[in-house]
J.: 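Please see the structure below; I have some questions.
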Amino acid sequence: MTDIERLKKELNPEQYKTVTTIPGPLLIIAGAGSGKTRTITYRMAYMLNKGIPQSSILALTFTNKAAKEMSERVKKITGKKLINLTVSTFHAFGVKILREDIECLGFRTNFSIYDQADKIALIKNTARELKIDPNTLDLYSLASIFSLIKTDIAKWNSTTEVYKNIYEEYIEHLRIYNAVDFDDLITLPVKIFNQYPDILEKYRERYKYIMVDEFQDTSRVQYDLVKLLAEKSRNICAVGDDDQSIYSWRGADYSNILQFEKDFPEVAEIKLEQNYRSTGNILEAANQLISNNKNRKTKELWTGIESGNLIEIYYPENEQKESEFIADMISYLKKKDNIHYHDFGILIRTNSLAAAIEDALLGAGIPYKVSGGTSFFQRQEVKDIIAYLRVMTNPEDDVNLLRIINTPRRGMGKKSIEYINSVAENKKCSLFSAICAICVAGDSALGDKTKASLQEFLNLINFFKARFLSGKNMAKTLEEFVSNIDYWGFLVNEYQKNEKLAKWKYKNVQIFTDLLARWETDPDNIKPDIYQYLNRITIITRDDIEDNEDGKVNLMTIHAAKGLEFDIVFLAGVEDTIIPHARAIEENETNIEEERRLFYVAITRAKNKLYITACKQRRYLKDTIEPKPSRFLVELPQSLLKNCEEKSVDDKEKLMKMFEGINAIFKK
DNA sequence: CGTCTCCAGGTTTTT
DNA sequence: CCTGGAGACG
């Protein structure tokens with residue numbers, strides 16, 4: 001059978017067309033469960049088989065997980081080694097460009113990347129320097145204003161204007177610290193491309209075929225980046241679904257789809273509307289729900305799969321009962337239908353809902369994994385260690401230096417730090433240089449003890465710096481380093497009343513070391529160095545490091561579940577104020593459509609069975625609230641729902657369990 | 001001057 | 001519930 005024949009057999013006509021439409025711009029509107037990933041991986045394989053070199057292909061995805069999955073699938077289909085194929089997230093791609101070409105903007109290639117926490121810390125320090133009391137500022141919203149400004153989504157207005165000087169100072173600090181924030185990972189490459197046509201040309205020559213997945217979630221700047229690259233070759237394939245746009249709060253703008261049609265008028269458009277994932281009932285409910293959104297490209301998903309089960313809705317007393325219900329139901333279904341743990345997905349709107357559910361799963365002895373939440377690399381203990389590495393690789397990095405200057409405690413209090421700061425300001429140099437200067441000059445403003453302590457700190461950094469930069473045995477070096485600073489002793493001391501916590505934190509540090517070891521010995525890793533590693537880990541989330549551990553129930557936010565599917569899905573906390581989220585609506589009434597899309601994404605993750613729970617009572621911070629069931633429940637076709645009283649379920653379940661017990665006895 | 005202890009306040013989603 | 005800041009001790 002020829003390749004073409006095989007493709008025709010394995011794909012539906014639209015998918016086939018998608019795979020084989022190679023030169024020129026292509027827009028694919030791919031509904032939930034329409035075999036999107038499969039189709040685009042086939043498309044890449046098809047390109048490779050046609051003789052397009054790996055190095056000419058750039059595939060941009062939304063998460064590292066998706067990137068990994070995509071390249072693995074392509075590898076499997078083609079059976080080729082994929083050394084030169086670029087499949088990455090926008091941010092990782094941005095890092096790649098900056099590592100190569102950031103110098104033209106006045107940064108050095110050993111730049112640090114600041115995540116949200118670093119960014120907030122920097123804004124705070126900046127405000128302090130400007131003699132503005134950080135306590136009077138909402139740093140969190142300031143951070144988001146800065147993002148909007150930087151990515152050109154918003155302009156300064158009468159309310160935000162007052163922060164302009166902090167913003168400008170913030171930008172200046174980044175430059176001085178040789179650091180970039182997440183937004184820079186996209187905006188700086190665009191800046192380079194606009195200012196240096198020869199560099200742009202280089203990338204255009206390199207990446208002649210571009211694919212963008214989750215196109216509805218690209219931001220304006222991300223689109224600009226892609227457009228700049230693709231304008232000449234015009235071989236660009238964008239795949240998206242406006243109904244699944246759930247990241248507008250992060251600058252995603254699904255009107256990019258319209259813009260794309262304008263910028264590439266010769267575009268071919270294909271709609272993938274057959275759903276291969278969900279039962280008829282689930283799909284119908286999803287279709288019905290999303291039809292309430294006014295702002296969408298019309299599209300009707302259909303499925304050949306039978307109607308299947310009704311969607312079951314439960315109203316537990318409180319979040320504890322809810323969690324127990326989920327745990328019990330999982331145990332029950334696992335036994336009854338022999339469903340694997342990894343075929344269950346528990347989806348939640350906010351991370352805070354995870355705690356109660358984790359408790360119940362733990363109590364029931366159900367193995368689970370949580371994705372999302374604070375990334376492993378954002379945990380303080382891990383960040384501490386990373387901060388040391390950052391300072392060693394980039395001494396200008398004041399934010400990270402401040403993080404470690406007194407961690408573990410070495411007698412550097414507020415006063416000493418203030419003094420170092422003043423020296424740095426006078427000399428117009430980094431804190432690190434200021435410390436060097438103080439030590440060399442034998443500065444008398446500080447006590448001998450403090451000075452000795454600073455000197456020791458410098459020695460420590462310099463000693464290990466050389467070893468890390470050599471790029472050899474980094475994990476081993478790190479292990480030594482951690483024991484050298486006696487981080488364990490530090491933790492024990494910090495958490496005297498909670499030894500368990502200290503142990504857990506230390507464990508994370510060890511895991512971090514192990515990860516480094518694994519990374520540096522990975523044969524696929526051509527040239528491992530500490531810079532690369534540091535860049536990598538700031539733009540990675542926790543799921544990316546956990547291998548696909550099978551045999552575990554998946555607990556995650558709806559956002560994190562995008563692109564995934566589960567046999568059985570539990571949707572917990574389906575209450576007004578949670579989904580739709582009170583804050584989202586508060587912010588802007590029109591956000592309701594995005595909340596609805598979020599709910600839509602959640603529903604369409606389910607293949608066979610969907611359980612929805614809405615608590616009658618819920619603890620929120622200190623008090624107990626009585627939420628109403630989500631308004632979205634009313635939008636679902638009532639004929640597809642089965643409203644279940646929690647009590648009767650409990651009883652039913654107990655009965656079932658009893659039956660099983662009896663059966664088991666008989667079988668013996 | 002640094003560290004420890006206690007108390008108030010705060011969380012939507014994430015690269 | 002956990003973090004971070006302000007005030008008391010050593």
Side-chain angles (χ1 to χ4, degrees), chain A residues 60-67 88-95 113-117 119-121 124 133-135 138-141 143-144 147 151 181-186 214 217-219 221-222 245-252 347-356 371-375 377-378 380 406 408-419 446-447 449-450 453 493-498 501 535-544 556-562 573 577-587 591 594-595 597-599 601-602 619-622:
Chain A
L60 294 167
T61 60
F62 200 64
T63 61
N64 292 292
K65 200 177 195 170
S88 84
T89 63
F90 269 96
H91 288 85
F93 182 59
V95 173
I113 302 171
Y114 283 0
D115 66 14
Q116 185 81 1
K119 181 178 180 177
I120 298 229
K124 206 169 173 179
D133 180 6
N135 290 321
D138 179 352
L139 295 167
Y140 201 78
S141 65
S144 86
S147 275
T151 54
D181 64 17
F182 273 142
D183 300 318
D184 289 327
L185 295 180
I186 314 296
E214 306 284 7
D217 283 321
T218 52
S219 66
V221 217
Q222 285 172 331
S245 165
I246 54 175
Y247 281 94
S248 72
W249 48 275
R250 214 175 76 184
L347 307 186
I348 46 186
R349 168 72 234 263
T350 68
N351 283 307
S352 55
L353 301 184
S371 356
T374 20
S375 150
F377 299 107
Q378 324 256 61
Q380 320 101 56
N406 202 28
R409 309 213 180 266
R410 49 173 73 84
M412 286 307 133
K414 223 166 138 196
K415 286 282 158 177
S416 309
I417 292 171
E418 234 165 61
Y419 178 71
L446 287 175
K449 219 173 154 191
T450 317
S453 172
N493 189 25
E494 288 292 292
Y495 303 96
Q496 288 169 13
K497 270 166 260 154
N498 197 340
L501 187 62
N535 286 341
R536 203 182 108 84
I537 57 181
T538 20
I539 53 172
I540 224 174
T541 47
R542 185 167 63 168
D543 347 329
D544 303 321
M556 62 182 82
T557 62
I558 302 171
H559 283 91
K562 189 157 84 153
T577 70
I578 293 183
I579 181 163
H581 199 278
R583 280 194 169 238
I585 301 174
E586 222 172 80
E587 208 169 79
N591 283 343
E594 176 145 323
E595 294 292 306
R597 287 193 294 269
L598 204 44
F599 197 58
V601 168
R619 287 188 65 121
Y620 181 70
L621 292 180
K622 271 163 215 152

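The chains referred to below are lettered A, B, ... by the order of the sequence lines, with proteins before strands, and numbering in each begins at 1.
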J.: What is the distance from CE of M412(A) to P of dG2(B), rounded to the nearest Å?
T.: 8 Å

J.: Using a cut-off of less than 4.0 Å, is there contact between a side-chain N or O of N64(A) and OP1 or OP2 of dT14(B)?
T.: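 No, no such contact exists.
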
J.: Separation of R619(A) atom CZ from dG10(B) atom C1', in whole Å?
T.: 16 Å

J.: Please report the C-alpha distance between F62(A) and Y247(A) in whole Å, then the side-chain angles of each, then the deciding distance to 0.1 Å, and finally whether the ring-ring contact (aromatic ring centres under 6.0 Å, His included) criterion is met.
T.: CA-CA 11 Å; F62(A) 200 64; Y247(A) 281 94; 4.7 Å; yes

J.: For W249(A) and dT13(B), do the ring centres fall under 5.5 Å apart while the planes stay under 30° apart?
T.: yes

J.: At under 4.0 Å between heavy atoms, what does S416(A) touch on the DNA or RNA strands: base, sugar-phosphate, or nothing?
T.: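 Result for S416(A) = sugar-phosphate.
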
J.: Looking for any heavy atom pair under 4.0 Å, which part of the strands does D138(A) touch: base, sugar-phosphate only, or nothing?
T.: nothing

J.: Would you indicate what K449(A) reaches in the nucleic acid, counting non-hydrogen atoms under 4.0 angstrom: base, sugar-phosphate, or nothing?
T.: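 Since no nucleic acid heavy atom lies under 4.0 Å of K449(A), the category is nothing.
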
J.: Quick one: NZ on K415(A) to OG1 on T450(A), what's the gap to the nearest 0.5 Å?
T.: 13.0 Å

J.: Taking the side chain of T350(A) as heavy atoms from C-beta outward, which of dT14(B), dC4(B), dT13(B) is closest to it?
T.: dT13(B)

J.: Output the rounded distance in Å from CD (E214(A)) to P (dT13(B)).
T.: 19 Å

J.: Less than 4.5 Å apart, any side-chain heavy atom of L185(A) and any of F90(A)?
T.: no

J.: Can you find an N or O donor on one side and an acceptor on the other, under 3.5 Å apart, linking the side chain of R409(A) with the base of dT3(B)?
T.: no

J.: I want to check one thing: is the phosphate of dC4(B), taken as OP1 and OP2, less than 4.0 Å away from some side-chain N or O of N493(A)?
T.: yes

J.: So what does N406(A) hit on the nucleic acid, given a heavy-atom distance under 4.0 Å: a base, only sugar-phosphate, or nothing?
T.: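 The residue N406(A) makes sugar-phosphate contact but no base contact.
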
J.: From NZ of K414(A) over to P of dG2(B), roughly how many Å is that when rounded to an integer?
T.: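 Answer to the nearest Å: 10 Å.
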
J.: Report the nucleotide, chosen from dC1(B), dT13(B), dT3(C), that has the shortest atom-to-atom distance to any side-chain atom of T557(A).
T.: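 Output: dT13(B).
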
J.: Check the distance between dG10(B)'s P and Y140(A)'s OH and give it to me in whole angstrom.
T.: 14 Å

J.: Measure OH/Y495(A) against C1'/dC6(B) and give the value in whole Å, please.
T.: 16 Å

J.: Would you please indicate yes or no on a ring centroid separation below 6.0 angstrom for W249(A) and H581(A)?
T.: no

J.: Hey, could you give me the CD1/CG distance between I558(A) and L347(A), rounded to the nearest 0.5 Å?
T.: 6.0 Å

J.: Under 3.5 Å, is there a donor on one side chain and an acceptor on the other for K119(A) and S147(A)?
T.: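 The criterion, which ignores hydrogens and geometry beyond distance, is satisfied for S147(A) and K119(A).
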
J.: Between R410(A) and Q116(A), just flag the one whose closest nucleotide in DNA chain B comes earlier from the 5' side.
T.: R410(A)

J.: Would you mind telling me which residue lines up with the more 5' stretch of DNA chain B, I417(A) or E594(A), judged by nearest nucleotide?
T.: I417(A)

J.: Rounding to a whole Å, what distance do you find between I579(A):CD1 and dT11(B):C1'?
T.: 17 Å

J.: Separation of F182(A) atom CZ from dT14(B) atom C1', in whole Å?
T.: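 The distance from CZ of F182(A) to C1' of dT14(B) comes to 8 Å, rounded to the nearest Å.
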
J.: Using a cut-off of less than 4.0 Å, is there contact between a side-chain N or O of K124(A) and OP1 or OP2 of dG5(C)?
T.: yes

